[in-house]
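Worksheet: the structure to be examined is printed underneath.
So you know, we letter chains A, B, ... as the sequences are listed, proteins then strands, and number each from 1.
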Number of protein chains: 2
Amino acid sequence: MKSIAIGELSRRAAVKVPTIRFYEERGLLPTPVRTEGNRRTYGEGDVRTLRFIRHARELGFEIEDIRTLLDLAGHPDRPCGEADAIARKHLADIDDRIARLTGLRREMQAMVEQCSGGDVGECRIIEVLADHGECLSDRH
Amino acid sequence: MKSIAIGELSRRAAVKVPTIRFYEERGLLPTPVRTEGNRRTYGEGDVRTLRFIRHARELGFEIEDIRTLLDLAGHPDRPCGEADAIARKHLADIDDRIARLTGLRREMQAMVEQCSGGDVGECRIIEVLADHGECLSDRH
DNA sequence: GCTTGCTCCTCTAGTCGCTGGAGGAAGTAG
DNA sequence: CTACTTCCTCCAGCGACTAGAGGAGCAAGC
């Protein structure tokens with residue numbers, strides 16, 4: 001079984017080298033065996049694990065959640081309720097962020113549309129920023 | 001003209017005291033006059049400035065942009081093209097984030113719906129995370 | 001005048017998830 | 001043997017705060 005250097009792991013999982021070391025430090029990747037010359041060596045399992053991590057990160061999961069998900073992935077016999085809960089919570093978070101951003105978008109759109117292109121003195125953008133009362137909503 | 005202490009400024013602009021000091025350090029708020037006992041003193045103008053900053057932050061503008069917007073707000077005779085550009089760029093950023101989050105939301109929704117509630121071994125959530133090929137899109 | 005309790009001061013470090021660089025050692029190809 | 005690449009550790013920085021330590025100032029009641 002041939003061993004993989006950190007650079008190759010980096011290419012194969014599309015994760016930068018310092019990031020791999022960072023994940024190791026944070027306990028997401030197991031402490032790798034070192035060569036005589038003190039270099040980290042990895043195997044195919046590490047490629048899979050790292051891809052899992054990267055994928056979860058791309059989907060916006062936090063490191064802590066990924067730690068739990070990785071733990072679960074290593075125990076196929078356990079019930080998947082916890083994974084489900086994490087995913088559902090994450091989905092709710094995303095919905096929340098979309099809702100807030102959509103609200104902001106409306107405000108920004110209104111601001112930009114009202115700018116007449118004159119001087120700052122008449123600029124609605126500056127005016128709206130200066131006075132919260134001008135806003136469409138006060139929830140932000 | 002009565003002067004305002006940092007605590008009162010904090011309450012009136014709804015910005016925490018350490019955050020006020022942070023804004024001062026970053027050059028968004030002018031260096032305040034100090035009392036004999038070395039305490040910062042503020043005026044009504046500072047309340048307005050701080051509210052402007054907070055409002056812009058709530059709308060998601062970055063500190064650097066706010067610095068420019070504040071500078072513009074202090075010069076009503078200048079053309080407002082720069083403010084308009086900042087606002088438009090910010091709007092585009094928001095659109096971008098909404099689009100990406102909406103994509104993620106679809107993925108997450110699909111993941112959560114496919115979880116049958118059994119063991120981790122059959123869990124679609126873990127499976128999808130482990131294999132990017134399962135995704136609806138590969139842009140993330 | 002003294003004590004109590006609040007507000008304020010500076011400085012430092014921590015959050016999150018990386019990213020980049022310095023300075024040096026190890027491995028590899030010609 | 002040299003040149004080049006990859007790797008090592010350690011440290012600093014990003015953005016926008018937030019929190020805490022340890023101390024000093026200040027107002028009010030006694």
Evaluate the criterion side-chain contact (heavy atoms from CB on, under 4.5 Å) for residue pair Arg51(B) and Val47(B); output intermediate values, then yes/no. CA-CA 6 Å; Arg51(B) 282 186 180 153; Val47(B) 179; 3.8 Å; yes
Closest non-hydrogen atom pair between Phe52(B) and Ile126(A), with its separation: CE1-O, 3.7 Å
Distance from Leu28(B) atom CG to Ile66(B) atom CD1, nearest 0.5 Å? 6.5 Å
For Val15(B) and Ser10(B), work out which heavy atoms get closest and say how close. O-OG, 2.7 Å
Value in whole Å for how far the P atom of dC17(D) lies from CG of Leu50(B): 11 Å
Round to a whole Å and report the spacing from CD1 of Ile20(A) to C1' of dC7(D). 12 Å
Could you state the CD-P distance from Glu24(B) to dC9(C), rounded to the nearest angstrom? 9 Å
Using a strict threshold of under 4.0 Å (side-chain N to carboxylate O), is an ion pair present between Arg124(A) and Glu127(A)? yes
d(CZ, Phe22(B); C1', dG14(C)) in whole Å: 14 Å
So that I can tick it off, tell me whether Asp93(B) and Arg97(B) are bridged by a salt bridge, with the cut-off set at under 4.0 angstrom between side-chain N and carboxylate O. no
Spacing between Glu25(A) atom CD and dC10(D) atom P, to the nearest angstrom: 11 Å
Give the angle between the helix axes at the two ends of the helix from dG1(C)-dC30(D) to dG30(C)-dC1(D), taking five base pairs at each end and rounding to 10°. 20°
Determine, for nucleotides 21-26 of chain C in 5'-to-3' order, which nucleotides have protein heavy atoms under 4.0 Å from the base (write B), from only the sugar-phosphate (write S), or from neither (write -). ----BB
For a salt bridge (Lys or Arg N to Asp or Glu O under 4.0 Å) check, start with the C-alpha distance between Arg67(B) and Asp71(B), then their side-chain angles and the critical distance, and finish with the verdict. CA-CA 6 Å; Arg67(B) 200 195 308 283; Asp71(B) 191 46; over 6 Å; no
Which of the following nucleotides, dC17(D), dC18(C), dT19(C), is nearest to the side chain of Arg57(B)? dC17(D)
Rounded to whole Å, please give me the gap between CG in Asp65(B) and P in dG15(D). 12 Å
Does Arg54(A) put a side-chain nitrogen or oxygen below 4.0 Å from OP1 or OP2 of dG17(C)? no
In whole angstroms, how far is the C1' atom of dT6(D) from the CZ atom of Arg40(A)? 13 Å
Between Tyr23(A) and dC18(C), does any side-chain N or O lie under 4.0 Å from OP1 or OP2? yes
What residues in residues 5-17 of chain B put a non-hydrogen atom under 4.0 Å from any atom of DNA chain C? Ala5(B), Ile6(B), Gly7(B)
Rounding to 0.5 Å, atoms CG (Leu69(B)) and SG (Cys123(A)) come to a distance of 9.0 Å
Shortest non-hydrogen contact from Val120(B) toward His75(A): CB-O, 3.5 Å
Using whole Å, what does the distance between atom P of nucleotide dA16(D) and atom CG of Leu59(B) come to? 14 Å
Quick one: which of Glu107(B), Arg105(B), Arg106(B) gives a side chain to side chain donor-acceptor pair (under 3.5 Å) with Gln109(B)? Arg105(B)
Which atoms form the tightest heavy-atom contact between Ala87(A) and Val112(B), and what is the distance? CB-CG2, 3.7 Å
